[in-house]
Amino acid sequence: MNGNGGGKLSKNATRFRDSLPEGYEQNPDLQNIMEDIARKLRSSKKPVIVCGTDIVRESTPALAADVANLFCQVTEGAGLFYLLPGPNAFGAGLLCSESQSSALEAVESGKVKALVLVEQDPLWGCRDRLRMEHALNNLKQLIVLDYVPSSSAQKAHVVLPTTTLFERTAATFVNQEGRAQKTRPLHRGGTPLSLISGATHPPRTFLNEIPGGDPRAAHEVLSELYTALSGEAEGSLLKDLWGWAAEENAVFKAVISSPDGIRLVPEEISRDHFFTTQIDQSQPRKPGLELVLSDRTFGTEELSAYSRFARQGETPPRFFMHSDDAARLGLTEGEKTALYLERGEVVLELGIVSNMAAGVIVVPRHREVRWQKLEQCPAIVPDDRIRKI
């Protein structure tokens, strides 16, 4: 999203600007920070709004778009960049028609009795693990296609092994800026030598296949399942895969005729469109600390959790709060502290810092932390439910 700039504010832009708060009387420190940011933005030739999409409130991405749109009307080169969670999140978002919550409700209601999970583990990232476990337990058939021994695979009635993106066939993923990028197979999987001959020497038996090389790419397994269930001709499912993607979202038409590296730019809306018409500042903040979930460099991403080498880079998980909040609650650095959430308690060492926002408590999504005990998110943890152990 780039700005042409240079003109007066439109009527919609003026309405949005006038709805923004003029100050932060309740927090003088924040007021000073915002004034410093404003000075830097005034002198910036090409301001860019960078916005997370995972740890922020539901309304924040739209608000960031509105602020960037406001800059577009007054300066050249203004831009907006979203930080998306997980690999190929951009591509998945372009094709996503239903949220995880709506699919979960369909399973809970009995409308969905059989479920196929393709290289994903909803138990890993679902904020309410207990609810997800109950839903999966109610299925009459759970089929998992994956190349890792995930929690969902361990609950499955049938597990069909697959290969990784770089092992079997050419594939396409979409990076953070919306650019389609093709991959080529770099490695053909098989049984490790340590399981064949004690890691001493490759077997001296000549074969025309790779031992343990039976698993195929997920789309090949899906195609065979579809053929068996539908009765259609072999290959029907993947006959026109890009054509199907283009029907789901017209932006994929560019991939059919363009070379590797094309940017998939969704249809632009009017630059005078603003999502936020009025910022409501009348609602009083609930007492307590707002719980913010965050990722760690090592320990959060699912695939890294299965690598003994990546696990060597992990640091013990801690949660963090501002020094003012810690002083108010009588907590000190390094103390074992419990958060009592809707579904149970989370106990971690506490880290106290001064260069973060007050009024929030940051909890890492980490493989060693059972953080998935939230009925809703964002969540406010009352002061009396934050206690040292």
Side-chain angles (χ1 to χ4, degrees), residues 86-89 91-126 132-174 180 182-185 187-191 209-249 252 255-256 302-303 306:
N88 201 34
L94 292 173
L95 290 173
C96 183
S97 58
E98 290 191 19
S99 65
Q100 187 182 80
S101 60
S102 60
L104 178 58
E105 291 168 0
V107 173
E108 289 177 323
S109 67
K111 182 178 180 181
V112 171
K113 295 180 173 59
L115 185 65
V116 179
L117 295 177
V118 182
E119 295 177 357
Q120 65 164 311
D121 182 10
L123 293 173
W124 181 271
C126 180
M132 181 64 72
E133 286 180 335
H134 285 165
L136 296 182
N137 289 338
N138 288 335
L139 288 167
K140 292 186 176 180
Q141 194 69 245
L142 175 62
I143 302 173
V144 172
L145 283 61
D146 215 331
Y147 46 83
V148 294
S150 67
S151 299
S152 293
Q154 295 174 35
K155 297 179 73 66
H157 300 96
V158 178
V159 178
L160 300 176
T162 63
T163 60
T164 66
L165 186 68
F166 300 100
E167 286 182 304
R168 182 79 180 190
T169 58
T172 301
F173 68 94
V174 185
K182 296 186 182 300
T183 68
R184 295 289 183 267
H187 170 72
R188 185 66 182 266
T191 304
E209 77 275 355
I210 298 174
D214 295 336
R216 290 170 293 165
H219 67 273
E220 295 174 320
V221 180
L222 276 177
S223 179
E224 188 170 335
L225 281 175
Y226 180 80
T227 299
L229 293 173
S230 67
E232 296 185 18
E234 184 177 350
S236 299
L237 179 65
L238 304 178
K239 180 173 59 177
D240 187 20
L241 185 60
W242 286 114
W244 167 83
E247 288 181 3
E248 294 293 310
N249 192 321
F252 284 100
V255 180
I256 300 175
E302 183 177 4
L303 291 184
Y306 298 103

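On a predicted model such as this, the values are computed, not experimentally measured, just so you know.
Contact annotation: the side chain of W244 approaches that of E248 to within less than 4.5 Å [non-hydrogen atoms, C-beta and beyond]. Inter-residue side-chain proximity for Y147 and T163 is flagged as unmet; no heavy-atom pair is nearer than 4.5 Å. Considering only heavy atoms from C-beta on, V144 stays 4.5 Å or farther from L160 through its side chain. The closest side-chain heavy-atom distance from L222 to L145 is below 4.5 Å.
The 12-atom threshold is not exceeded at CD of E234, counting heavy atoms of other residues, nucleotides or ligands nearer than 6.0 Å. Residue-environment remark: CD (E224) stays at or below the threshold of 12 foreign heavy atoms within 6.0 Å.
A pairwise comparison of heavy atoms in A180 and V255 identifies CB-CG2, 4.3 Å as the closest pair. Closest heavy-atom contact between V221 and P161: CG2-O, 4.4 Å.
A search for side chain to side chain contact (heavy atoms under 4.5 Å, CB included) contacts involving E232 returns Y226, S230, S236, not counting sequence neighbours. For S150, the side chain to side chain contact (heavy atoms under 4.5 Å, CB included) partners two or more places apart in sequence, or in a different chain, are D121, D146, V148, S152, A153, E302, Y306.
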CA sep, side-chain torsions, deciding dist, call: T164, E167, side-chain hydrogen bond (donor to acceptor under 3.5 Å, both in side chains): CA-CA 5 Å; T164 66; E167 286 182 304; 3.1 Å; yes
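Inspection of the S102 and E105 side chains reveals no N or O donor paired with an N or O acceptor under 3.5 Å.
Side-chain atoms of N249 come within 3.5 Å of backbone N or O of L94 as a donor-acceptor pair. Of the possible polar contacts, one joining the E220 side chain to the A217 backbone as a donor-acceptor pair under 3.5 Å is found.
Rounding to the nearest 0.5 Å places CG of L237 at 5.5 Å from OG of S223.
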Let me have the donor-acceptor pairs involving side chains of residues 132-142, under 3.5 Å, with sequence neighbours excluded, atom names and distances please.
from, atom 1, to, atom 2, distance (Å)
E133, OE2, R129, NE, 3.1
N137, OD1, K155, NZ, 2.8
N137, ND2, E133, O, 3.1
N138, ND2, H134, O, 3.2

